[in-house]
Structure formats: structure tokens, C-alpha cells
Amino acid sequence: MLDVSVSYNRYKFLGFEFLTWLWFLIDNDQETIKKTVPGEASLAIGNRIVLVNTRKDAVETVLIKGEEADLQEGIVAMRKGAVVAEVNLSYRNGDQEWRFTLKGESLGVSDLVPPATAPPESPEDAEGVFLEKVYLYESVLALIDKIFQHFIKERVSPDWNRTMVPRIRKWISS
Amino acid sequence: MGLLSSRVSITRYKVEGELQAPVVESVANILKENAIVDIDEGDTEKRVGWTSFDNPFRPVFENSSFVVGPYLIFSLRIDKKTIPPKIIKKQYETEMANRLAESGRNYLARDEKKLIKEEVTRILAIRIPATPHVYDLIWNYEASLVWFFSTLASANTELEELFFHSFNLPLIRLFPYTMADLLPGLSDKERDVLATLSPTDFME
């Protein structure tokens with residue numbers, strides 16, 4: 001494997017492309033999303049998207065936030081060459097909802113709000129509450145891994161340039 | 001944001017290598033050896049060490065207290081004394097004025113000024129208590145995975161250094177390339193393609 005700091009910088013575009021692809025799928029290809037989430041679960045864009053455009057000398061950042069925000073501004077930014085650098089997602093499974101932000105560069109998970117758990121009623125309960133929290137974190141991290149795995153398989157296949165890139169381009173330009 | 005908070009941030013790591021068996025005993029000994037020591041009484045400005053998840057200001061690693069199910073849970077604590085620059089400036093200028101008055105001179109050499117500043121900072125560091133910053137972590141030993149509950153770059157760097165120093169096991173941060181390389185499912189041929197990828201142009 002390459003040196004960690006070299007590979008972090010050299011391949012951070014993979015994270016930006018992953019989030020751009022994910023937004024495209026959420027908007028246009030729920031069938032593929034269904035293959036990666038369990039059962040009747042769903043994945044949607046949350047309340048924040050950050051796009052960056054590094055094509056010019058200075059980095060341009062576009063921030064879209066708010067529950068009912070118009071995401072069209074993000075599409076316009078992508079037409080000018082921007083990619084998704086950060087996205088807030090809502091993952092629902094049954095009556096439970098996880099909210100979290102994924103940063104493309106690092107794939108770090110921030111602002112993760114899992115479904116609420118009952119507070120421990122006694123010191124003996126603490127272990128159970130802890131294990132429940134870990135299970136809830138595990139659920140969302142496993143989901144990210146599964147989606148990323150799907151992306152990376154597609155990214156290294158000839159279908160990426162042949163099929164997926166033209167679809168994403170069409171979505172951006174429409 | 002601790003791991004039981006209503007809102008958390010997580011950075012994931014793969015742990016390379018294994019500890020000497022019995023693992024829990026090895027971890028307990030290593031945590032004790034590298035536990036945080038208070039710096040409130042001295043002039044040390046910063047210290048980093050391990051502490052207990054459930055008692056971060058009185059670290060105890062006895063009786064497998066840090067083991068829950070298959071997980072090892074403990075915390076990284078960074079104690080730092082932050083002396084406001086304006087207080088240093090005030091004390092420094094007061095001390096310089098005293099020295100000038102005592103010596104009868106009207107200037108101080110550069111080395112003298114430097115020594116005064118160091119001394120002022122040292123004395124202030126003794127008087128100012130350290131601010132503790134606690135970051136929880138979960139180590140799934142069997143899966144060789146660590147979840148660190150912060151995405152703060154400085155805290156992650158401290159974790160990587162202390163973890164390696166303590167356990168002699170490198171942590172590989174999981175970011176796009178390392179995740180792609182470590183996730184199961186890619187063939188050797190696909191891994192070769194991964195290494196040669198360049199950014200996609202989504203503009204027509």
C-alpha cells in the first residue's frame with residue numbers, strides 16, 4: 001500500500017466522486033440504493049451539501065443548507081466543474097432515523113445523530129445502553145461501507161466511463 | 001462529544017498487528033503505563049495520555065473495567081494549559097520594567113528578554129490549571145478496528161502517535177483510498193486499476 005499521507009492527498013478525489021455519485025443515485029437511481037440498504041430502508045439527502053470547485057486558481061466553495069433547501073444551486077455549481085465535498089444524509093429504517101454528515105476527503109462521519117436510546121435506569125443498565133449505541137453506530141457505518149464498496153467496484157470497472165459518467169453528465173446538464 | 005452523546009463524530013482506523021496474549025491483561029498494563037498524569041501542579045504546558053471512559057479524571061484500568069462485550073473502551077485525554085497572550089504580555093512588560101529599574105540600565109539584551117519571557121510563561125503555567133479534552137474510543141480487537149470519537153485533525157494525530165507509542169501497533173486511518181484497498185471484494189486486477197485512477201471530469 002502507498003504511503004498514507006501520499007494516498008490521502010492523491011486519491012481524495014475518490015471521496016468527492018463517491019459523494020457526487022451518491023447524490024446522483026439518490027436523485028435518479030433508487031433501485032441501486034435499494035440494493036445497498038437493508039429491507040425497506042431508505043437514504044435521502046439531509047439538510048446540507050458542500051461543493052468545491054478547484055478548477056480555478058482559488059478554491060470555490062458552495063454551501064447549501066436547510067431542510068427545504070433548493071439543491072438546484074448545487075447542480076449549477078457542478079455544471080461549472082464543482083464536486084460534492086460534504087453531504088448530510090438521512091437514513092431511515094422502519095421508524096428509526098439516522099442523520100449524519102459524510103466528508104468526501106476523509107470519509108469521516110460527523111454530526112451523527114442515531115435513533116434515540118432510553119437512558120440507563122441503573123448502573124447495571126449502562127452496559128446494555130452502550131451496546132445499543134454501538135449497534136446503532138455499526139448499522140450506519142456498515143451502510144457506508146456497503147455503498148462505498150458498490151461505488152468502488154463500479155469506479156474501477158470500464159462501465160464507469162462507458163455508462164455511469166455519461167449518466168451523471170446528463171443529470172448535471174439537464 | 002463522547003460516544004454516548006446524542007450527536008457524535010467518528011474517525012475509523014484499521015489496527016495492524018496483534019498484542020501479546022492474554023490481550024486484556026496486555027492492554028490493561030499498557031494503558032496503566034501510558035495513563036494521563038495531571039499537570040496542574042507543574043509548569044508542563046501539555047500532556048497526552050489514556051484515561052478511563054467512565055471516569056476520565058481518575059483513570060482506573062483494573063479488573064477489565066474497560067472491557068464491554070467484544071469491545072475495549074477507553075479515552076484519549078489531552079491536557080493543555082492555554083495562557084492568554086495578553087496575560088503573558090502584561091507580566092512580561094512588568095517584569096522587564098522591574099529589571100530595568102533594578103539594573104539602572106535603559107535597555108535589555110535580546111537574550112535577557114527571551115529569558116524573561118520564558119520565565120514569565122513558566123510561572124504562569126504553574127498558576128493556570130490545564131484544560132482537559134477527552135475523546136472516547138472503541139477498539140474492536142477481534143475485527144482490528146478502532147472507532148475514535150472525533151474528526152478533529154489535531155486529536156486524531158495525537159491518537160495515532162500515542163496509540164503507536166503505547167501498543168507498538170500502527171493505526172491506518174480509513175479514508176477513500178485505504179477503505180477501497182482494505183474493503184473486501186476487489187480483485188488484484190481491480191486493485192491495480194484503483195492505483196492508476198485519476199479524477200473524473202463530470203463536465204461535458
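The sequence lines fix the lettering, A, B, ..., with proteins before strands; numbering per chain opens at 1.
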| task | Enter the distance from A/Arg99:CZ to B/Arg7:CZ here, rounded to the nearest 0.5 Å. | result | 10.0 Å
| field | Choice from A/Lys103, A/Arg155, A/Glu127 maximising heavy atom contacts with chain B below 4.5 Å | value | A/Arg155
| task | Might you confirm whether atom CD of B/Glu118 has over 12 heavy atoms from other residues, nucleotides or ligands at distances under 6.0 Å? | result | yes
| remark: Counting heavy-atom pairs under 4.5 angstrom with chain B, the leader among A/Gly108, A/Gly15, A/Ser106 is A/Ser106
| Among B/Leu194, B/Ile138, B/Thr11, who wins on heavy-atom pairs under 4.5 Å with chain A? | B/Leu194
| Heavy atoms, side chains only, cut-off 4.5 Å: are A/Phe130 and B/Val68 in contact? | yes
| request: Any chance you could lay out the side chain to side chain contact (heavy atoms under 4.5 Å, CB included) test for B/Phe175 and A/Leu14, step after step, and finish with the verdict? | output: CA-CA 10 Å; B/Phe175 52 83; A/Leu14 279 177; over 6 Å; no
| Which portion of B/Ile73 sits near chain A, non-hydrogen atoms under 4.5 angstrom | side chain
| query | Sub-3.5 Å donor-acceptor pair from the side chain of A/Glu17 to the main-chain atoms of B/Thr200, do we have one? | reply | yes
| B/Thr151 versus chain A, the contacting section by heavy-atom distance below 4.5 Å | side chain
| chain A contact via B/Ile10 - which portion, at a heavy-atom distance below 4.5 Å | both
| query | Does atom CD of B/Glu142 have more than 12 heavy-atom neighbours, drawn from other residues, nucleotides or ligands, at distances under 6.0 Å? | reply | no
| More than 12 heavy atoms of other groups within 6.0 Å of A/Tyr135 OH | no
| request: Take atom CD of B/Glu119 as the centre, draw a 6.0 Å sphere, and report whether it contains more than 12 heavy atoms from other residues, nucleotides or ligands. | output: yes
| field | Most contacts with chain B, counted as non-hydrogen pairs under 4.5 angstrom, among A/Thr101, A/Val156, A/Thr117 | value | A/Val156
| How many angstroms lie between atom CZ of B/Arg12 and atom CD1 of A/Ile144, to the nearest 0.5 angstrom? | 6.0 Å
| query | Side chains of B/Thr178 and A/Tyr11: closer than 4.5 Å at any heavy-atom pair? | reply | no
| message | Within the 4.5 Å heavy-atom criterion, are A/Phe18 and B/Met179 side-chain neighbours or not? | response | no
| query | Counting only heavy atoms not in B/Lys90, do more than 12 fall under 6.0 Å of its NZ? | reply | no
| Hey, mind stepping through A/Tyr137 and B/Phe149 against ring-ring contact (aromatic ring centres under 6.0 Å, His included) and telling me if it holds? | CA-CA 11 Å; A/Tyr137 299 147; B/Phe149 286 77; 5.6 Å; yes
| request: Assess whether atom CZ of B/Arg47 is packed by more than 12 heavy atoms of other residues, nucleotides or ligands within 6.0 Å. | output: yes
| With a 4.5 angstrom heavy-atom cut-off, which part of A/Arg79 approaches chain B: side chain, backbone, both or neither? | backbone
| said: So for A/Glu132, is it side chain, backbone, both, or neither that comes closer than 4.5 Å to the heavy atoms of chain B? | reply: neither
| message | So which atom in B/Ala180 and which in A/Phe148 form the shortest heavy-atom distance, rounded to 0.1 Å? | response | N-CE2, 3.6 Å
| request: Name the region of A/Lys80, side chain, backbone, both or neither, that has any atom closer than 4.5 Å to a heavy atom of chain B. | output: backbone
| message | Heavy-atom count check: over 12 atoms from other residues, nucleotides or ligands less than 6.0 Å from A/Lys65 NZ? | response | no
| field | Taking every non-hydrogen atom, the tightest pair across B/Pro176 and A/Gly104 | value | CG-O, 3.3 Å
| field | B/Ser5 side, atom OG; A/Lys133 side, atom NZ - distance, nearest 0.5 Å | value | 7.5 Å
| Taking every non-hydrogen atom, the tightest pair across B/Met203 and A/Met78 | CG-O, 4.0 Å
| Looking at CZ of B/Phe202 and OG1 of A/Thr20, how far apart are the two atoms once the value is rounded to the nearest 0.5 Å? | 5.5 Å
| query | Among B/Leu183, B/Leu174, B/Thr196, which residue forms the greatest number of heavy-atom pairs with chain A at distances under 4.5 Å? | reply | B/Leu183
| Looking at A/Val83, A/Val109, A/Ile152, which one has more heavy-atom pairs under 4.5 Å with chain B than the rest? | A/Val109
| Has A/Gln96 got more than 12 heavy atoms of other residues, nucleotides or ligands less than 6.0 Å from its CD? | yes
| Contact origin within B/Asn140 toward chain A - heavy atom pairs under 4.5 Å | neither
| query | Can you tell which of A/Leu131, A/Val129, A/Val113, A/Val165 has the highest number of heavy-atom pairs within less than 4.5 Å of chain B? | reply | A/Val113
| Just by modelled atom types, is the B/Leu186 backbone N or O under 3.5 Å from a matching donor or acceptor in the A/Lys153 side chain? | no
